[in-house]
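Below is one structure, written out as structure tokens; comments come after it.
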Amino acid sequence: MSSPGAGFEYPPTEVSWTKRDALLFANTELDPNFAVFPTYPVILPFKKNQEEVIDFYAAQKAEKIPGVPDFDARRVVDGQRLVQFLKPLPTTSAGKKFELRTKVLGVYDKGRPGSVVEIQQDLVDVGTGEIYSRAIGSSFYVAQGNWGGPKGPATENFPPPKGKKPDVEFEDQTTAQTPLLYRLNGDYNPLHAHPEPGKKMGFGGVIIHGLYSFNSACHGLLQKLGGSDPANIKEFQARFASPVRPGDKLVTSVWKTGEIKDGWEEIRFVVKVAGGKVCLSNGRALMKVVGESKSKL
């Protein structure tokens with residue numbers, strides 16, 4: 001039985017980026033072999049084709065999904081995200097027309113905790129019809145459940161191998177400036193800059209973008225295992241398990257599974273706040289493991 005709203009397609013959204021945007025997202029130097037970081041498309045639903053600061057709440061007032069309640073975008077966090085990298089992005093969208101094509105996969109009622117909206121977003125070159133990336137993700141609307149909808153299917157889990165020490169570990173020390181800098185990519189959700197929204201949602205104040213932790217983990221994986229070459233990662237996914245606060249240190253543990261198909265090895269990972277909770281669980285990537293090398297990103 002499909003959920004209410006399943007199959008609904010939003011109007012296509014034109015998106016664009018410059019080389020400067022790609023450099024800011026990757027937080028890197030302009031290497032002669034510079035390449036767009038593979039997860040860059042995750043920012044485009046927020047940035048769209050804008051170069052100016054965006055009113056996040058106003059931008060989230062999209063068309064209503066048929067058969068489900070209107071959810072409040074002032075109380076939404078990421079649930080989980082899978083990104084498939086199908087074609088390398090050009091360092092600028094200039095000269096081409098790109099758009100996001102978004103459809104609803106399901107809307108699920110989780111009771112008192114809230115509701116989940118699961119969508120698929122394809123980044124498409126309008127001129128050729130080629131799909132550059134596909135993202136399947138869910139948004140969790142806090143305390144917006146109990147409307148009589150289906151609970152939804154159980155999610156597939158990808159735990160670390162039992163009894164095996166991590167093959168790689170790396171750290172990322174965040175600061176009070178981390179969410180303020182990351183938001184310049186185009187995600188201006190006030191939850192990541194002002195304490196009031198986080199207090200209302202039970203987080204105690206400002207939290208860092210879940211997608212910052214997501215992208216940071218992907219950057220470390222590609223650096224440590226993939227030679228910093230975007231061609232060496234095919235898929236990347238994680239579940240957003242708990243909030244990260246400015247100043248927290250992120251510790252990522254990585255396991256190679258040895259399961260290889262068509263040259264792609266399945267990698268598992270977990271991200272924790274040092275001395276605290278898991279913040280990214282269900283971490284999985286498909287990679288060509290070549291070790292470390294000079295960054296192209």
Side-chain angles (χ1 to χ4, degrees), residues 8-28 30 34-65 70-74 76-78 81-105 117-139 178-194 208-212 214-216 218-219 230 236 297:
F8 173 72
E9 296 187 10
Y10 289 99
T13 302
E14 186 173 350
V15 295
S16 63
W17 63 94
T18 64
K19 187 175 288 188
R20 181 182 181 279
D21 294 328
L23 282 168
L24 176 64
F25 185 84
N27 191 25
T28 190
L30 184 56
F34 169 72
V36 178
F37 194 74
T39 57
Y40 181 72
V42 302
I43 201 69
L44 291 174
F46 306 99
K47 178 187 177 298
K48 300 181 174 66
N49 61 358
Q50 299 296 312
E51 294 299 329
E52 250 308 347
V53 176
I54 297 163
D55 182 331
F56 178 84
Y57 293 146
Q60 296 305 300
K61 292 179 180 178
E63 289 195 10
K64 177 175 170 56
I65 302 172
D70 286 326
F71 296 121
D72 185 354
R74 293 171 296 180
V76 63
V77 294
D78 277 303
R81 193 74 55 103
L82 160 67
V83 187
Q84 299 170 331
F85 312 114
L86 306 177
K87 186 177 174 67
L89 286 178
T91 54
T92 173
S93 62
K96 295 178 179 286
K97 182 179 179 181
F98 286 91
E99 63 185 23
L100 284 174
R101 298 177 183 173
T102 305
K103 69 177 179 180
V104 176
L105 300 180
V117 177
E118 186 178 28
I119 62 171
Q120 174 183 302
Q121 288 187 315
D122 292 347
L123 177 60
V124 180
D125 180 335
V126 177
T128 65
E130 291 179 292
I131 302 174
Y132 278 68
S133 68
R134 171 167 289 168
I136 297 173
S138 62
S139 298
T178 297
L180 302 180
L181 291 172
Y182 181 80
R183 73 199 304 256
L184 297 178
N185 288 293
D187 183 351
Y188 292 95
N189 189 340
L191 174 63
H192 309 300
H194 305 287
I208 292 176
H209 304 72
L211 285 172
Y212 171 84
F214 184 90
N215 295 317
S216 172
C218 188
H219 195 283
F236 184 81
L297 300 167

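Leu191 is listed as a side-chain neighbour of Val77, based on a closest heavy-atom distance under 4.5 Å. Counting heavy atoms from C-beta on, the side chains of Glu130 and Lys87 come closer than 4.5 Å. The closest side-chain heavy-atom distance from Glu99 to Thr13 is not below 4.5 Å. Asp187 is not listed as a side-chain neighbour of Tyr212, based on a closest heavy-atom distance of 4.5 Å or more. Val42 has its side chain out of reach of Phe46: every pair of non-hydrogen atoms, C-beta onward, lies at least 4.5 Å apart. Contact check for Val83 versus Phe214: side-chain heavy atoms found under the 4.5 Å cut-off. Using a 4.5 Å heavy-atom cutoff, the side chains of Cys218 and Phe37 are in contact. Residues Asp70 and Lys64 meet the side-chain proximity criterion, which asks for heavy atoms closer than 4.5 Å.
Taking the side-chain contact (heavy atoms from CB on, under 4.5 Å) definition, one finds that Gln121 meets it with Pro45, Leu100, Thr102, Ile119, sequence neighbours left out. For Asn215, the side chain to side chain donor-acceptor pair (under 3.5 Å) partners at least two apart in sequence or on another chain are Thr39, Tyr182. In terms of the side-chain contact (heavy atoms from CB on, under 4.5 Å) criterion, residue partners of Asp122 (sequence neighbours excluded) are, by chain and number, Gln120, Val124, Ile131, Arg134. With sequence neighbours excluded, no residue forms a salt bridge (charged side-chain N to carboxylate O under 4.0 Å, His left out) with Glu118. In this view, Asn49 satisfies the side chain to side chain donor-acceptor pair (under 3.5 Å) rule with no residue, not counting sequence neighbours. Applying the side chain to side chain donor-acceptor pair (under 3.5 Å) test to Asp21 and every residue at least two apart in sequence or in another chain returns Thr18. Under the side-chain contact (heavy atoms from CB on, under 4.5 Å) criterion, Ala193 pairs with Leu180, Arg183, not counting sequence neighbours. Every ring pair (Phe, Tyr, Trp, His ring centres under 6.0 Å) that Tyr132 has, sequence neighbours left out, goes to Phe98. Annotation: salt bridge (charged side-chain N to carboxylate O under 4.0 Å, His left out) contacts of Lys97 (sequence neighbours excluded): none. With sequence neighbours excluded, the residues satisfying salt bridge (charged side-chain N to carboxylate O under 4.0 Å, His left out) with Asp72 are Arg74, Arg75. Evaluation of the side chain to side chain donor-acceptor pair (under 3.5 Å) rule for Thr92 yields no partner, not counting sequence neighbours.
Here the OG atom belonging to Ser93 is positioned 8.5 Å from the CD atom belonging to Glu14, to the nearest 0.5 angstrom.
Shown here for Pro230 and Val36, the closest heavy-atom pair between the two residues is CG-O, 4.1 Å. Closest non-hydrogen pair, Leu24 versus Leu184, comes out as CD2-O, 3.7 Å. Here the shortest heavy-atom pairing between Leu44 and Ser16 reads CD2-O, 4.0 Å.
Checking side-chain atoms of Ser133 against main-chain N and O of Pro41 turns up no donor-acceptor pair under 3.5 Å. A donor-acceptor pair under 3.5 Å is absent between the side-chain atoms of Lys19 and the main chain of Ala22, judged by distance alone.
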List the atom pairs, donor and acceptor, that lie under 3.5 Å between side-chain atoms in residues 51-58 and the rest of the protein, sequence neighbours left out.
residue	atom	partner	partner atom	Å
Asp55	OD1	Tyr57	N	3.3
Asp55	OD1	Ala58	N	3.1

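Between Arg101 and Glu9 no salt bridge is recorded (no basic side-chain N to carboxylate O distance below 4.0 Å).
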Practice item. Walk me through it: do Val117 and Phe71 pass the test side chain to side chain contact (heavy atoms under 4.5 Å, CB included)? Key: CA-CA 10 Å; Val117 177; Phe71 296 121; 3.9 Å; yes
